[in-house]
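See structure below.
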Protein chains: 2
Amino acid sequence: MKGDRTRQSILDRAVDLASLEGLQGLTIGRLADDLGMSKSGLFAHFGSKEELQLATLEAAGERFLNEVLRPALKQPRGYPRLVAICDAWIDYIGRDVFPGGCFFAAASFEFDGRPGLVRDAIAANMHDWIGALEKAITIAKEEGHLRDDVDPSQLAFELNSLFFGANFDCQLRGERKALDRARRAVHERLAIASQPLRPARRRTA
Amino acid sequence: MKGDRTRQSILDRAVDLASLEGLQGLTIGRLADDLGMSKSGLFAHFGSKEELQLATLEAAGERFLNEVLRPALKQPRGYPRLVAICDAWIDYIGRDVFPGGCFFAAASFEFDGRPGLVRDAIAANMHDWIGALEKAITIAKEEGHLRDDVDPSQLAFELNSLFFGANFDCQLRGERKALDRARRAVHERLAIASQPLRPARRRTA
DNA sequence: CCTACCGATCGGTAGG
DNA sequence: CCTACCGATCGGTAGG
């Protein structure tokens, strides 16, 4: 029981630290210092740095599910739920759920060139997230809220891109308008996907 | 003369290494080993790790300008140049200009939580890049190729988001369709921005 | 550009 | 959960 509580408090701190310094930049010594415990005492909970990284990822995933995806999934099927997921993602950056912005965007870019179990776990998390987006889009099509010719993978790709772009603009550039821009882009994109027909006019010049 | 050549060969290797392992993961010892020279010999060229990181960033910026932006800027003003910049960016990921994908996307996410000169230099690079995108959009408006009500900052944000999304899908997920999806999204977005008028129809249900 | 070295910190272990 | 320790590597320096 107490071991579990200790472990959870370690992981909460590890998630915050890693969101700022990266999953590789997370060190056992620094983490132990922050928590006022010995390095080896902390180490004993995990057995290796890789296990600590994997456990940290899992804890970050839980936080994301609780703070972002699960509440949005309570919205009614179709367009409302899809919009709720998108708005929840954008709000999630503004609410500082992780102190360094989106944990998984940062982890994705950090580990895309580092093969191993950590990279695989990050990819699995992102696969699930993109899958949830695609599923919400597919349901919205089934409900007749989106055009039949909407490609769920394509639209999910575009929405996720806007989320990553918003995170970038917010975290690195400190652009205050970033979230508003993302919201505007997402809502215009969804409006297009819900239009009954769009004439294929292009510029004539 | 010879010192300059050595320095450049160090930086070429540093750029490749950092694109895979990150600018922080880049270590002087590893880099020296790769190049078959002593750590202190390499170190003498820069004086500190931070200076090495800044020089590596500068070298990566030069490579990006030569491989991506400058060729595209040779295209005629307006829509053709804007499209060329976008296509050049997407091709740049497919051509493996950097072995780990887009150097600056990775650096942006790595350093957005680490204040200092390196982060400032990354932000300056991204500022210039977004500025170049905005300028190309503004010129396309002036030429009458894009609608008057197009917001250059908004459109540049959306295009850059799609680029980052494509990099993510390619590098982490190994999604072969990533570049096609990005191309399709970019071209549809630009087609919308170039339509003379778009009815504000939304779903009625 | 080298050898030789510094203190600090890394992940990890022994033993309790 | 601790103290005490390991070899390896970190960024950086002295001296040539």
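First the proteins, then the strands, lettered A, B, ... as listed; each starts at 1.
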- Query: Taking it one step at a time, do A:Asp12 and A:Gln8 satisfy side chain to side chain donor-acceptor pair (under 3.5 Å)?
  - Reply: CA-CA 6 Å; A:Asp12 284 343; A:Gln8 191 54 50; 3.2 Å; yes

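A side-chain donor-acceptor contact under 3.5 Å links B:Asn160 and B:Trp129. A:Gln24 and B:Glu21 share no donor-acceptor pair across their side chains, judged by distance under 3.5 Å alone.
Searching all strands for a Watson-Crick or G-U wobble partner of D:dG16 with both distances below 3.5 Å returns C:dC1. D:dT9 is paired with C:dA8 under the criterion used here, namely a Watson-Crick or G-U wobble arrangement in which both key atom distances are under 3.5 Å.
Under the 6.0 Å distance and 45° angle rule, B:Arg95 does not count as a cation-pi partner of B:Tyr92.
As rounded to whole Å, 11 Å separates atom P of C:dC1 from atom CG of B:Asp4.
Partner B:Arg181 forms a side chain to side chain contact (heavy atoms under 4.5 Å, CB included) with one of B:Asp169, B:Ile90, B:Val186 and no other, that one being B:Asp169.
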- Which letter, B, S or -, goes with each nucleotide of nucleotides 3-16 of chain C from 5' to 3', with contact meaning a protein heavy atom under 4.0 Å? BB-----SBBB---

